[in-house]
Amino acid sequence: MTDQAPQDDAAEPTPTAEQQLATETNEQRDVRLAKRERLVAEGEAYPVSVPVTTTIQSVRAAHADLQPGEETDDVVGVAGRVVHLRNTGRLCFVMLQAGDGTQLQAMLSQKEVGAESLQRFKELVDLGDQLFVHGRVIASRRGELSVFADDWRIAAKAIRPLPNMHSPLSEEFRVRNRALDLIQRQGARDMVLTRARTNASLRRTFAEHGFVEIETPMLQTVHGGASARPFVTRSNAFDRDLYLRIAPELFLKRALVGGIDRVFEINRNFRNEGADSTHSPEFAMLEAYEAYGDYHTIADLTRELIQNAVRATSPTGDLTAVWADGTVHDFSGDWDRIDLYGSLNEALAATWDGPGRAPVITVETSVAELAPLAERHGIALDPATATHGKYVEELWEACVKPGLTRPTFVMDFPEDTSPLTRPHRSRLGLVEKWDLYVRGFELATGYSELADPVIQRQRFVEQSLLAAKGDPEAMQVDEDFLTTMEYGMPPAGGMGMGIDRLLMALTGLGIRETVLFPLVR
RNA sequence: GCGCCUCUAGCUCAAUUGGCAGAGCAGCUGACUCUUAAUCAGCGGGUUGUGGGUUCAAGUCCCACGGGGCGCACCA
């Protein structure tokens with residue numbers, strides 16, 4: 001931006017702040033910069049403070065029923081952002097907006113503030129400025145609650161024009177200029193509160209059940225706990241590469257070994273994979289582990305966590321979420337727990353159009369038998385890394401998932417796709433794992449955790465063989481974790497849930513809407 | 001990573017078959033003491049994402065690059 005011209009003189013001084021400003025300018029900004037200069041020369045364009053006595057919200061609350069034309073003796077000093085400005089000659093109307101979107105009008109009459117002050121106001125105040133006004137609270141003849149100003153001050157001069165407040169901003173502009181989006185759009189402000197209320201609700205529910213929140217490493221020497229490609233970074237002090245974590249699981253389990261029996265973490269994970277409407281390279285993740293629980297108890301807890309979050313964020317305060325598109329989603333009651341293989345075989349039988357009866361898929365069904373079946377549903381996997389489990393899960397997603405409307409736990413998964421999960425207590429070849437599906441996407445997953453360090457080591461070795469075959473998402477062998485496991489981890493249920501996903505389920509918005517400042521190129 | 005679509009004033013968007021780049025809001029000057037996207041009169045504001053090409057003539061057609069979106073693939 002500053003080096004578009006060829007540098008024929010290497011000793012040329014770097015541009016001053018003013019020159020840099022000048023390279024990126026427009027008429028409207030020039031006008032405001034001149035006003036800033038004048039304010040600075042005459043006093044302050046950015047005072048350290050202004051003498052506010054109350055807030056826009058409080059004034060509105062205190063005088064909610066003021067009748068048109070009615071006046072009060074309540075003298076206030078309030079400040080807010082100028083979002084509308086109207087000038088009818090010797091009377092000016094200015095709409096001030098608080099951070100939460102609450103607006104309050106101020107009226108500047110020549111009779112009240114004097115000709116000189118009004119003239120100065122007209123010359124110096126623009127849309128977008130932070131403005132302080134002092135005066136009595138009245139209602140205008142048309143009934144608009146107002147501060148009838150006897151004094152005013154610029155609280156902070158804006159030098160960039162505000163976007164047009166009357167037409168919606170484009171998606172791209174909103175994502176790249178979130179501050180302006182927050183000024184202009186109630187939905188943007190609501191999202192911030194929804195996320196905060198959701199996080200508070202989750203922590204409250206955990207606290208009620210005696211869970212302890214801990215923070216585990218973001219920078220890891222071995223990446224594990226999930227199947228995903230990590231980001232790699234560099235430690236100068238250790239002179240080695242480090243991974244940004246893809247999951248906190250292996251550290252939370254160390255805490256479990258250490259006796260933190262009910263433990264959870266809400267924090268960021270990083271995965272070096274594609275970004276789309278449901279995936280972001282960095283995303284907030286919740287993981288929780290409950291000693292002496294299993295995948296049933298952790299499913300109960302997960303349902304309670306989500307139902308409490310729905311209650312905390314629902315406009316109606318009940319167990320329904322109203323999505324941005326107007327659809328209403330019911331999270332109440334108990335949620336179905338269906339069997340992965342059973343529901344898949346049901347769906348296959350119902351849609352079977354081949355000869356004879358539909359094949360019944362079991363844990364024993366080979367990759368050779370699954371491949372042609374998957375092909376019928378348009379699924380093609382890389383033969384080098386395809387396994388029984390990958391085929392079964394792909395088939396399930398193609399055949400069963402689209403039909404789910406209510407929140408549903410899908411239970412009991414094949415072993416080879418869940419290397420950190422305990423073998424099923426009664427079903428050979430399966431693990432005690434569930435996925436929770438809400439409206440077509442996977443919201444959370446839960447397990448009876450694998451506590452046997454010998455089997456855990458075998459699973460890691462199998463993963464590393466996959467990695468050797470070229471699977472970039474396979475886990476590394478984490479010797480330190482295995483050593484800790486060998487001291488004995490209590491039987492436990494564990495769960496993981498994407499916070500952004502939860503917000504999507506609560507609001508029906510895309511991930512770029514739920515993240516305040518999403519990564520953009 | 002592959003395919004398709006898209007980029008025009010501060011913001012939101014027009015521009016017919018390739019034929020003078022426009023509107024609303026915002027801005028500037030002026031008028032107006034009750035406006036609600038105030039109104040009225042007048043005036044500015046553009047390297048049409050960037051670079052190349054075709055053409056008498058390119059916002060429009062072609063190529064490359066960059067930004068964005070959607071679909072596919074991968075994943076939560």
Side-chain angles (χ1 to χ4, degrees), chain A residues 4 24-32 34-35 68-69 83-95 103 105-113 115 118 122-123 126-128 138-146 148 158-177 180-181 183-184 226-229 246-247 269-287 378-382 385 390 393-394 397 417 435-438 441-445 471-473 496-502 504-505 510-512 520-521:
Chain A
Q4 70 273 61
E24 192 193 331
T25 195
N26 62 62
E27 182 201 355
Q28 300 191 38
R29 199 155 159 277
D30 290 343
V31 168
R32 287 163 157 82
K35 293 178 182 178
V83 291
H84 294 294
L85 202 50
R86 301 176 197 100
N87 168 11
T88 67
R90 281 173 278 270
L91 179 65
C92 288
F93 300 90
V94 53
M95 191 62 87
Q103 299 187 345
Q105 178 170 273
M107 295 165 65
L108 288 98
S109 160
Q110 187 179 92
K111 217 164 149 186
E112 188 77 6
V113 297
L118 185 67
K122 289 183 194 172
E123 285 170 6
D126 287 305
L127 284 177
I138 66 163
S140 74
R141 280 178 212 164
R142 297 287 176 86
E144 184 73 43
L145 189 65
S146 308
F148 195 61
I159 61 173
R160 265 182 208 273
L162 221 49
N164 181 358
M165 294 290 277
H166 311 300
S167 57
L169 296 169
S170 64
E171 220 276 327
E172 183 186 352
F173 188 92
R174 281 168 25 205
V175 165
R176 290 177 181 273
N177 301 274
L180 298 178
D181 190 27
I183 291 169
Q184 201 208 44
S227 297
R229 301 187 198 199
I246 56 174
N269 288 347
F270 306 87
R271 298 189 183 176
N272 205 345
E273 289 160 351
D276 60 29
S277 63
T278 58
H279 297 86
S280 174
E282 58 175 304
F283 60 101
M285 184 77 187
L286 160 66
E287 283 197 18
I379 299 160
L381 297 180
D382 177 3
T385 55
K390 284 192 181 179
E393 289 184 29
E394 288 283 339
E397 284 193 24
T417 48
D435 274 352
L436 172 63
Y437 279 85
V438 173
F441 62 83
E442 191 188 331
L443 178 58
T445 183
D471 186 344
E473 296 167 3
M497 175 162 64
I499 301 292
D500 311 288
R501 288 265 170 119
L502 175 57
M504 289 163 67
I511 197 165
R512 279 154 65 91
V520 287
R521 218 182 309 226

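Order of the sequence lines fixes the chain letters, A, B, ..., with proteins taken first and strands second; residue numbering starts at 1 for each chain. Since this is a predicted model, take the numbers as computed values, not measurements.
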Can you list everything that forms a salt bridge (charged side-chain N to carboxylate O under 4.0 Å, His left out) with [X]? Sequence neighbours excluded, please.
{"X": "A:Glu394", "answer": "none"}
{"X": "A:Glu112", "answer": "none"}
{"X": "A:Arg86", "answer": "none"}
{"X": "A:Glu442", "answer": "none"}

Atom-to-atom span, [atom1] of [X] to [atom2] of [N] - whole angstrom:
{"X": "A:Arg174", "N": "B:U12", "atom1": "CZ", "atom2": "P", "answer": "11 Å"}
{"X": "A:Leu118", "N": "B:C32", "atom1": "CG", "atom2": "C1'", "answer": "12 Å"}
{"X": "A:Leu145", "N": "B:U36", "atom1": "CG", "atom2": "P", "answer": "18 Å"}
{"X": "A:Leu108", "N": "B:U33", "atom1": "CG", "atom2": "P", "answer": "15 Å"}
{"X": "A:Gln105", "N": "B:U33", "atom1": "CD", "atom2": "P", "answer": "17 Å"}
{"X": "A:Phe93", "N": "B:U33", "atom1": "CZ", "atom2": "P", "answer": "11 Å"}
{"X": "A:Leu180", "N": "B:C25", "atom1": "CG", "atom2": "P", "answer": "21 Å"}
{"X": "A:Asp30", "N": "B:G27", "atom1": "CG", "atom2": "C1'", "answer": "11 Å"}

Write down the protein N/O and nucleotide N/O pairs, taken from nucleotides 73-76 of chain B, whose separation is under 3.5 Å; answer none if there are no such pairs.
from  : atom 1 : to       : atom 2 : distance (Å)
B:C74 : O2'    : A:Glu473 : OE2    : 2.9
B:C75 : O2'    : A:Glu273 : OE1    : 2.7
B:C75 : O2     : A:His279 : ND1    : 3.3
B:C75 : O2     : A:His279 : NE2    : 2.1
B:C75 : N3     : A:His279 : ND1    : 3.3
B:C75 : N3     : A:His279 : NE2    : 2.4
B:A76 : O3'    : A:Glu442 : OE1    : 3.1
B:A76 : O2'    : A:Arg501 : NE     : 3.2
B:A76 : O2'    : A:Arg501 : NH1    : 2.0
B:A76 : O2'    : A:Arg501 : NH2    : 2.2
B:A76 : N6     : A:Ser280 : O      : 2.9
B:A76 : N1     : A:Ser280 : N      : 3.3
B:A76 : N1     : A:Ser280 : O      : 3.1

Task: Polar side-chain atom of A:Arg229 near backbone of A:Asn272 as donor-acceptor pair, under 3.5 Å - done: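 Not a single qualifying donor-acceptor pair exists.
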Open item on the list: I'd like to know if the side chain of A:Asn87 reaches the main chain of A:Cys92, judged simply by a donor and an acceptor atom lying under 3.5 Å from each other, with no hydrogens or angles considered.
Closed with: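 The answer is no, because no donor-acceptor pair under 3.5 Å joins these two groups.
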Nucleotide of [options] approaching [X] most closely (side-chain heavy atoms):
{"X": "A:Lys35", "options": "B:C28, B:U33, B:U12", "result": "B:C28"}
{"X": "A:Arg90", "options": "B:C34, B:C28, B:U33", "result": "B:U33"}
{"X": "A:Leu169", "options": "B:A26, B:C11, B:G67", "result": "B:C11"}

So which atom in [X] and which in [Y] form the shortest heavy-atom distance, rounded to 0.1 Å?
{"X": "A:Gln28", "Y": "A:Pro161", "value": "OE1-CB, 3.5 Å"}
{"X": "A:Ala228", "Y": "A:Arg271", "value": "CB-CD, 3.4 Å"}
{"X": "A:Leu180", "Y": "A:Leu162", "value": "CD2-CD1, 4.3 Å"}

Open item on the list: Is it the case that B:U33 (base atoms only) and A:Ser109 (side chain only) share a donor and an acceptor within less than 3.5 Å, ignoring hydrogens and angles?
Closed with: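 Check passes, donor-acceptor contact within cut-off.
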Open item on the list: Quiz question: going by heavy-atom distance under 3.5 Å, is there a donor-acceptor pair between the base of B:U36 and the side chain of A:Glu144?
Closed with: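 Answer is yes: a donor-acceptor pair is held.
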Closer than 4.0 Å, any side-chain N/O of [X] to the OP1 or OP2 of [N]?
{"X": "A:Lys122", "N": "B:U29", "result": "no"}
{"X": "A:Arg29", "N": "B:G27", "result": "no"}
{"X": "A:Ser170", "N": "B:U12", "result": "yes"}

Task: Touch class at under 4.0 angstrom, heavy-atom based, for A:Met285 against every strand present - done: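 The residue A:Met285 makes no contact with any strand.
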- [ ] For A:Leu127, answer base if it contacts any base atom (sugar-phosphate contacts may also be present), sugar-phosphate if it contacts only those atoms, and nothing otherwise; contact means non-hydrogen atoms under 4.0 Å.
- [x]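 Sugar-phosphate: the residue A:Leu127, judged by heavy atoms under 4.0 Å, touches backbone atoms but no base.
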Open item on the list: I'd like to check the ring pair (Phe, Tyr, Trp, His ring centres under 6.0 Å) partners of A:Tyr437; sequence neighbours left out, ordered by chain and number.
Closed with: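 A:Trp396.
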On a whole-Å scale, what distance lies between the [atom1] atoms belonging to [N] and [M]?
{"N": "B:C2", "M": "B:G10", "atom1": "P", "value": "34 Å"}
{"N": "B:G46", "M": "B:U54", "atom1": "C1'", "value": "25 Å"}
{"N": "B:U48", "M": "B:G59", "atom1": "P", "value": "7 Å"}
{"N": "B:G66", "M": "B:G49", "atom1": "C1'", "value": "7 Å"}
{"N": "B:G42", "M": "B:A21", "atom1": "P", "value": "24 Å"}
{"N": "B:A9", "M": "B:C25", "atom1": "C1'", "value": "12 Å"}
{"N": "B:C28", "M": "B:G44", "atom1": "P", "value": "16 Å"}
{"N": "B:G1", "M": "B:A58", "atom1": "P", "value": "35 Å"}

Holding to side chain to side chain contact (heavy atoms under 4.5 Å, CB included), I want the full list of residues that pass it with [X], two or more places apart in sequence or in another chain.
{"X": "A:Ile138", "result": "A:Glu71, A:Met107, A:Arg136, A:Ser146, A:Phe148"}
{"X": "A:Asp181", "result": "A:Arg174, A:Arg178, A:Arg185, A:Ala188"}
{"X": "A:Pro281", "result": "A:Phe231, A:Ala275, A:Leu519"}

- [ ] Let me know, please, whether A:Phe173 or A:Ala139 comes out on the 5' side of the other along RNA chain B by nearest nucleotide.
- [x]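 Looking at RNA chain B, the more 5' nearest nucleotide goes with A:Phe173.
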- [ ] Could you pick out which residue, A:Glu123 or A:Gln110, lies toward the 5' side of RNA chain B when each is mapped onto its nearest nucleotide?
- [x]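 Here A:Glu123 is the residue nearer the 5' end.
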Open item on the list: How would you summarise protein contacts on nucleotides 37-44 of chain B per nucleotide, using B for base, S for sugar-phosphate only and - for none, with heavy-atom distances below 4.0 Å?
Closed with: BB-----B
Task: Set of side-chain hydrogen bond (donor to acceptor under 3.5 Å, both in side chains) partners for A:Gln184, sequence neighbours left out - done: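 Once residues adjacent in sequence are excluded, A:Gln184 has no partner under the side-chain hydrogen bond (donor to acceptor under 3.5 Å, both in side chains) criterion.
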Open item on the list: Show me, range against range, the stems involving RNA chain B, built from at least 3 consecutive Watson-Crick or G-U pairs below 3.5 Å.
Closed with: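 Result, WC/G-U stems under 3.5 Å: B:1-7 with B:66-72, B:10-13 with B:22-25, B:27-31 with B:39-43, B:49-53 with B:61-65.
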